[in-house]
Amino acid sequence: IGTITYSYRSWRHDAASLLPLVVASGISSIELMGDTAEGFKAPADAASGTPDDDMAKYVALRKMYQDAGVKIHIVKFGNIGDKNMTDEKIDYYFRAAKALGAKGITREISDVAAKRLGPIADKHQIMIGFHNHTQINAKTYDGPILSYGKFLAINLDIGHYVAANDDSVLEIIEKYRDRILSLHLKDRKSRANKGANMPFGQGDTPIIPVLQYMKANKLSFPADIELEYPVPKDSDAVKEVAKCVQFCKQALV
């Protein structure tokens with residue numbers, strides 16, 4: 001169980017300020033927002049360990065988080081592969097992900113980007129996980145989007161899926177389990193119930209069955225909490241993510 005650092009968007013976004021929030025939430029593995037990674041300033045004596053000195057800040061960021069017990073398993077460079085992005089910038093993002101120790105990069109669903117990124121992802125052996133909002137349905141990944149490269153994968157938001165569809169998101173996980181980079185966990189009401197974001201356990205998203213299915217089948221991809229329901233006035237993002245963590249732990253007992 002991890003989280004996407006978007007969950008802390010109500011706080012400061014710089015990497016140094018973000019880290020203690022993650023630790024205080026009881027989280028040890030994250031999907032890191034790309035702007036946080038790109039905005040990090042490496043110490044003057046940071047050594048990159050790569051031919052490209054600009055990778056030094058990513059190596060230093062990885063070490064800072066690792067020293068606090070937090071692994072960066074994914075980084076979100078949300079526009080990677082867009083048609084107006086240069087090949088050099090795409091290559092930079094793949095090398096940055098590798099320097100951060102991430103196994104994958106996430107971005108929004110795009111067949112155009114998939115076609116462009118497939119061969120590059122295969123070359124770098126860094127996965128691209130396509131994230132869904134409510135545009136997804138059971139046939140979305142039956143199309144060519146995953147066919148352009150072996151390292152193209154799915155970042156499946158189960159809450160968004162439930163808010164947009166009447167079929168079982170668990171069946172989608174079972175069908176594509178070998179091509180899933182990670183899940184986003186949020187609790188939303190079903191489409192029939194207007195799809196509102198809810199505290200964990202109060203919506204229609206089958207978070208508990210999904211986690212139990214992953215445990216029973218020894219699925220090792222991350223399940224990342226994404227805090228999107230309104231934070232109560234007497235609480236904050238750290239407390240709410242911690243509540244979500246406890247909900248997930250209890251589901252796995």
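For reference, positions follow the sequence shown, starting with 1.
- A donor-acceptor pair is defined here as one N or O able to donate and one able to accept, closer than 3.5 Å; such a pair exists between the side chain of Thr3 and the backbone of Ile225.
- In the hydrophobic clustering of this structure, Tyr93 does not group with Met127; members are Ile, Leu, Val, Met, Phe, Trp, Tyr whose side-chain heavy atoms approach within less than 4.5 Å, directly or through other members.
- Proximity of a side-chain donor or acceptor of Asn217 to a complementary backbone N or O of Tyr213 within less than 3.5 Å is detected.
- A salt bridge between Arg116 and Asp87 is present, with a side-chain N of the basic residue lying under 4.0 Å from a carboxylate O of the acidic one.
- Looking only at distances, no side-chain donor or acceptor of Ser25 sits under 3.5 Å from a matching main-chain atom of Ile27.
- Summarising the geometry of Pro206 relative to Val169, their closest heavy-atom pair is CG-CG1, 3.7 Å, with the distance given to 0.1 Å.
- Within 6.0 Å of the CD atom in Gln250, the count of heavy atoms belonging to other residues, nucleotides or ligands does not exceed 12.
- A donor-acceptor pair under 3.5 Å is formed between the side chain of Ser7 and the backbone N or O of Ile4.
- Under the 4.0 Å criterion applied to side-chain N and carboxylate O atoms, Glu38 and Lys89 are assigned as salt-bridge partners.
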> Taking it one step at a time, do Asp91 and Lys123 satisfy side chain to side chain contact (heavy atoms under 4.5 Å, CB included)?
Replying inline: CA-CA 10 Å; Asp91 187 72; Lys123 180 185 75 172; 3.8 Å; yes
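- Nearest heavy atoms, Ala97 versus Phe77: N-CE1, 4.5 Å.
- There is no path of hydrophobic side-chain contacts, each under 4.5 Å, that joins Leu181 to Leu211.
- Contact detail for Tyr229 and Met198: the closest heavy-atom pair is CD2-O, 3.3 Å.
- Without hydrogens or angle criteria, Asp236 side chain to Val238 main chain gives a donor-acceptor distance under 3.5 Å.
- Between Asp14 and Thr36, every side-chain heavy-atom pair lies at or beyond the 4.5 Å cut-off.
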>> Working note: Leu185 + Asp224, criterion side chain to side chain contact (heavy atoms under 4.5 Å, CB included); need CA distance, chi angles, decisive distance, verdict.
In response: CA-CA 6 Å; Leu185 302 181; Asp224 291 331; over 6 Å; no
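- No side-chain heavy atom of Thr140 sits less than 4.5 Å from a side-chain heavy atom of Phe130.
- Between Lys76 and Glu108 there is a salt bridge, with a side-chain nitrogen of the basic residue lying less than 4.0 Å from a carboxylate oxygen of the acidic one.
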>> Between His184 and Glu31, does the side-chain hydrogen bond (donor to acceptor under 3.5 Å, both in side chains) criterion hold? Intermediate values first, please.
In response: CA-CA 10 Å; His184 277 185; Glu31 176 183 346; 2.7 Å; yes
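- With hydrogens and angles ignored, the 3.5 Å screen pairs no side-chain donor or acceptor of Asn193 with any backbone N or O of Gly195.
- Looking only at distances, no side-chain donor or acceptor of Arg177 sits under 3.5 Å from a matching main-chain atom of Glu174.
- Grouping the Ile, Leu, Val, Met, Phe, Trp and Tyr side chains by contacts below 4.5 angstrom, directly or via other members, places Val245 with Leu19.
- One distance of note links CG of Leu21 with OG1 of Thr5; it measures 10.0 Å at 0.5 Å rounding.
- The 12-atom threshold is not exceeded at CD of Glu171, counting heavy atoms of other residues, nucleotides or ligands nearer than 6.0 Å.
- In summary, Lys115 and Asp111 do not engage in a salt bridge, as defined by a charged side-chain N under 4.0 Å from a carboxylate O.
- Considering NZ of Lys175 and CD1 of Ile154, their distance stands at 9.5 Å, rounded to 0.5 Å.
- Distance alone, capped at 3.5 Å, places no donor-acceptor pair between the Lys150 side chain and the Asp122 backbone.
- Under the 4.5 Å side-chain heavy-atom criterion for grouping Ile, Leu, Val, Met, Phe, Trp and Tyr, Ile105 is connected to Leu156 within one hydrophobic cluster.
- Between Tyr176 and Tyr141, the two ring planes are perpendicular [angle over 60°; tilted spans 30° to 60°].
- Electrostatic pairing of Asp204 and Arg188 does not count as a salt bridge here, judged by no charged N lying under 4.0 Å from a carboxylate O.
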> Checking side chain to side chain contact (heavy atoms under 4.5 Å, CB included) for the pair Phe94/Leu117: CA distance, chi angles, key distance, verdict?
Replying inline: CA-CA 10 Å; Phe94 274 102; Leu117 291 171; 4.1 Å; yes
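- Hydrophobic clustering (side-chain heavy atoms under 4.5 Å, transitive across Ile, Leu, Val, Met, Phe, Trp, Tyr) groups Phe221 together with Leu100.
- The heavy-atom pair separating Arg107 from Ile80 by the smallest distance is NH1-O, 2.5 Å.
- Within the model, atoms OG1 of Thr205 and NZ of Lys186 stand 9.0 Å from one another, a figure rounded to the nearest 0.5 Å.
- Under a 3.5 Å cut-off, the side chain of Gln212 and the backbone N or O of Ala251 do form a donor-acceptor pair.
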>> Pair Phe151, Ile128 - check side chain to side chain contact (heavy atoms under 4.5 Å, CB included), show working.
In response: CA-CA 6 Å; Phe151 280 80; Ile128 295 289; over 6 Å; no
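- Judged by distance alone, with hydrogens and angles left aside, the side-chain atoms of Arg179 form a donor-acceptor pair with the main-chain N or O of Leu152 at under 3.5 Å.
- Taking all atoms of both residues into account, the shortest heavy-atom contact from Ile173 to Leu183 is CD1-CD1, 4.1 Å.
- In this structure, the separation between CD on Glu226 and CG on Asn155 is 8.5 Å, given to the nearest 0.5 Å.
- Across all non-hydrogen atoms, the minimal contact from Ile126 to Gly104 is CG2-CA, 4.0 Å.
- Between Phe247 and Phe200, the ring planes are perpendicular. Angles over 60° get that label, and only those under 30° would be called parallel.
- The distance from atom CG of Asn132 to atom CG of Asn137, rounded to the nearest 0.5 Å, is 10.5 Å.
- Separation of atoms CE (Met214) and CD1 (Ile180) is listed at 8.0 Å; rounding is to 0.5 Å.
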> For His160 and Thr134, what are the C-alpha separation, side-chain angles and deciding distance, and is it a side-chain hydrogen bond (donor to acceptor under 3.5 Å, both in side chains)?
Replying inline: CA-CA 5 Å; His160 288 328; Thr134 53; over 6 Å; no
